[in-house]
Amino acid sequence: MSKQLSKRDYNNKRFPRPIPICIPLLHISNKYFTPYEVLESVFDTLNHIYSIGFFNSSSIDVIFDIYSDLSFKVLNPIDMSKIWDNGFYGKGILSRSEPTWQDRMEKKIKNLLKSKIENDINIDNIDNINNNNNNNSIGNSNFNIDDNEFDLNEIKINDKLFSEEVTNHRRVLRDAWKKERDAYFLLEKEIKLRSIHGEISNEDKAILTAERERLSKLKDDLTKGPHGVNPNTLSSRENTPILNNLENSNINTNTSINNNNNSSNNNNNNNNNNTETLRMEDYDVIFNSNNIRNMEYLELDPCETLFLLQLNIINVKINNKCVTFNELIKILVETFGPIIINEYVVYYHYKTLGWCVKNGLKFSCDWVLYSRGPPFSHAEFSIKVINENDSNYENYRDNLVDYSAISRVVSGVKKTLVLCFIDGPIIESEEWFKMWNQFLKDGDFIKLLNNFVINEITWRRWAPSKTRM
Amino acid sequence: MIPSKTDGLLLNSELSSDNTRSKIPFSSPLPSSSSSVTMSSFQTTSSVSIPTTRLKMEQSPTPSSGSTPMPPLLSRDSNNPEFSDDSDDELQDWSLLNSISKKGNKDFEPLLTDNENNQLSLYDQNKLNKSRNMRFNALAVKRGSIVNLENLMTSTIYINSENHNDLFMLQPKGKFLETMGIIDNNNICHFGFEEVLYLVERGSCMLKFWDISNTSKNQLYQEMPPLSLQSAYSLLITGEERLNQYLVYSILKRDGYIILRNEEFEGKISSPDNKLIKSNEDLLKNVKMSWYTNLLCKISEFFKIDFPFKFAFSYFNIFTYLHSKIIKQSLSPELSNISKNNEHIKHYKISFNIWKPSPSFKKKNPPPPDYQISVFNSTQRLPKYSEIKSLLERSNSNPNTHKPKPKVKIRKSKPEDSNNNTSIKLKLLENSWDYSKGIDISNLKYDPHRITLAIVDNATVNFITLSHCSFVSEGPVWRDHWVTWRPPQKRKRNNYNSNNNNNNRRMQPKNSKNLQINTENNNNDFKNSTAEPPKSAYF
């Protein structure tokens, strides 16, 4: 992608569809300012229709692995990207969500192989540097700072990042900031210890406030800025009173130097941990000089599979044999129990209201709802399903404390908890079997879905001390 | 002359810990006459002055010695004018303590250095002393009952010795009556148990027995000291339910809220006064299929083929179609299976009505409450939907309390005559469902039908608000213009393309025509499709 494309445009181009059905969309708006924009919209529409022609309409194969882990697997990388890009279905098993393992691995191996060759050439130089480090601790710390800068520059230059890498880089930045903060704490302690009668002099106070302001500004730069950091802000550290003070302070010079040494050693260790090296397993993945074996597959949730199968977008295969939607329902009810129908009722309800429904297990609830999808925004709602038609419902031991705990987790990630009460024929009662037999006879699943009722209640914490005014 | 002796002893004992004791000549013989007292005191003024200053230093705490320091006695005894007893509704000012706790515990994490073995540094000692003294100062203020001692009648609540639920005040007077109690025709103020307990615990009032049938006893009761807080608790808190109710009441009251009993407090469940579920038309108007989708649907049903997704022309249409299949789920929410469960619905009661503090509050004519509280125990299970629904249907709280402020600033209209028109239009715009705007998520989050559960876990109370929400009534969240609509590019004025920009600007009038034509075309297409013409690509 060219750099001129904004993130929004890029995402729009890459993830244009909520369901993997390709339909022509007319690029019309009600706000035109120039005739150029009118032409542009016509062009966009034509371009869109043109690109649809190339959309591979052959359906996607999903394998239902009934022998190992009862999961639905998409193995073909093209299918994987198609199913993820058009509605964000499934999860790459070696990635956070989007199946990017192969790309990441390729990138890593390419980089590391190159650097390894360079390393072999420069190995003598590195030995020299190591010797220097052992001899001179101050040189060591300088070297580390430079190293840090180099890393941060890398972060800034590199534009296209995988989400896993973005998190990694954020972690590096946060560590860098924490180091700065530790230095500040050290300075504060120094000043406090040599204060006379426990009172900090105004001079020192001024130094501390200046440092604090610098730190908060640095944090803003690190967290709020464009993904990356201005390395100058970190390298300007030499000019700040922290180092000067440490050098100038007559009291406890020994300890401060010790501390310096300790921190620099820590730096060293951290760097060693952070730098990626090729492990033995990584060589197994390489099968010829340029290509690596794909170890990742996309795993679909049973509900996602059912939904896609209902729309005839995928083929589900068991033992290399395609199954129909109704057959799959029967198999799923046999393997997972009748509760799967309840799950699908909820999934279908929110999916057909246009929400991007993903599994909410990591937020201690059943589903999370994105208004468009994970790359666009954070999820708005998290759904906790309460199956009131469960025959065992009365015997559950969940009390209000449990729901408070869920709400605590969910509100911590700024989502709204929605309790989703499902009512319908009580599972495995006479009525339920009547409904089920009717389905087996007619094969009309929609009719079965209409036996259920969904009621929603939002759960929010109220802190009386905060809403008084 | 004993006092002077003890004084000397005290000084000696204080000095015994001091190394400089031997240097100070303080062994004056006990004088026998008053003149000699003055003499000796005169003699020792020079020498004693040193120990007294030392004494003062000893009194101000030194943590190195390990003893618990005491604050100067003076500050304890003196009646601080700030905390006057005049007003009956004044609480002790704990702001002194607040200023300490705001700093957090970490402020007192000792800065130990390696060479000193667990010896506090000067900085730590200083910090510790300061905060300790602050606490002592806060505690030194006179505490306890703040009843008006001059006119005890106005701050005495009587409890009927036969019926402990009958609590009243004979000469009601006081600021707290603005939000508490009910005054009847005989100018007797009746209280609920939670109000009495709160007032007694806070020290605003005291509690005494009163016998209605046998008035001769009352004289005796009057002379008796007021009932202790302990006995007040034992008389008024008769069970767990009452304790929970009192906990909730006192927490909210201390937070400054106005809190009154709901009419259901005694356990009488009122009939539902609002309908939670909208009429079907209201509910489904946003998931209704457009005429075009309907046509496609009919055709596909007629020929018994799958729905032709490729001809739907918008994902919004596809979603409305897919959802139309399960429309029965929301059409008849009072299905048979729910009504069957109706028999064993447990009705929870709404206990309290809560208002945010406001000076204009009148307890006789209160506005709709900001919150309504139903008290629960933490070990209870989550109530069933039918139970929550019945609570929500009986609730009647102020719909504006949680309304988020509108994000769009309403422009000030210039002439006054057009003011009305524009405001009406603006209102219409705000209320009407608008395809181009996307769904209003705050509608889902903050529904006016809501009830607050106070979950009591031993002495901790958690408040949570349950509110009704309906995703169906907001319609599909997907908007096709998310994909197709490209925002106009920002124009940079100071760059080499300025010529182009000028051209563009000159062409603006033409464009507006263009724009009109375009929107008209769109609208013609749309008019057929939906009742409310949407603003963007939508078929």
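Lettering follows sequence order; numbering is per chain, from 1.
- Side-chain contact check for F325(A) versus L306(A): some heavy-atom pair is nearer than 4.5 Å.
- Side chains of Y385(B) and D423(A) form no contact here, defined as non-hydrogen atoms less than 4.5 Å apart.
- Looking at L392(B), the atoms closer than 4.5 Å to chain A (heavy atoms on both sides) all sit in the side chain, from C-beta outward.
- Taking chain B as the reference chain and counting heavy-atom pairs below 4.5 Å, the highest number among G354(A), P18(A), P464(A) is found for P18(A).
- The distance from the OG atom of S314(B) to the CG atom of D480(B) is 4.0 Å, given to the nearest 0.5 Å.
- Interface residue L382(B): backbone and side-chain heavy atoms are both found under 4.5 Å from chain A.
- Ranked by heavy-atom pairs shorter than 4.5 Å toward chain A, the options L252(B), L322(B), N377(B), I354(B) are led by L322(B).
- For the pair L466(B) and T458(A), the minimum side-chain heavy-atom distance is 4.5 Å or more.
- Contact of T416(A) with chain B is made through the side chain alone, with heavy-atom distances under 4.5 Å.
- Looking only at side-chain heavy atoms (C-beta outward), F471(B) and E456(A) come within less than 4.5 Å of each other.
- Interface remark: N462(B) contributes side-chain atoms only to the contact with chain A (heavy atom separation under 4.5 Å).
- Heavy atoms of I19(A) lying under 4.5 Å from chain B belong to its backbone as well as its side chain.
- Top candidate by heavy-atom pairs under 4.5 Å with chain A, chosen from Y315(B), F307(B), F376(B), is Y315(B).
- W355(B) and Y257(B) get closest at one heavy-atom pair: O-CD2, 3.4 Å.
- Applying the side chain to side chain contact (heavy atoms under 4.5 Å, CB included) rule to S358(B) yields the partners S360(B), F361(B); only residues at least two apart in sequence or on another chain are considered.
- For Y370(A), no part lies under 4.5 angstrom from a heavy atom of chain B.
- Looking at I388(B), the atoms closer than 4.5 Å to chain A (heavy atoms on both sides) all sit in the side chain, from C-beta outward.
- Only the side chain of N312(A) comes within less than 4.5 Å of a heavy atom of chain B; its backbone N, CA, C and O stay farther away.
- Counting heavy atoms from C-beta outward, W462(A) and T467(A) have side chains that approach closer than 4.5 Å.
- The candidate from L444(B), V287(B), T452(B), D370(B) with the greatest count of non-hydrogen atom pairs under 4.5 Å with chain A is L444(B).
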Carefully, step by step, assess I446(A) and Q310(A) under the rule side-chain contact (heavy atoms from CB on, under 4.5 Å). CA-CA 10 Å; I446(A) 296 299; Q310(A) 201 177 5; 3.4 Å; yes

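- Only the side chain of F381(A) has a heavy atom closer than 4.5 Å to any heavy atom of chain B.
- Ionic pairing of K384(B) and E394(A) is present here: one or more N-O contacts between side-chain nitrogen and carboxylate oxygen are shorter than 4.0 angstrom.
- With a threshold of 4.5 angstrom between heavy atoms, S371(A) approaches chain B through its backbone and through its side chain.
- Ranking I326(B), I441(B), T379(B) against chain A, the residue ahead of the rest is I326(B), based on heavy-atom pairs under 4.5 Å.
- At a 4.5 Å heavy-atom cutoff, F15(A) makes no contact with chain B through either its backbone or its side chain.
- Y321(B) does not touch chain A: none of its heavy atoms, backbone or side chain, sits under 4.5 Å away.
- Contact check for F421(A) versus I457(A): side-chain heavy atoms found under the 4.5 Å cut-off.
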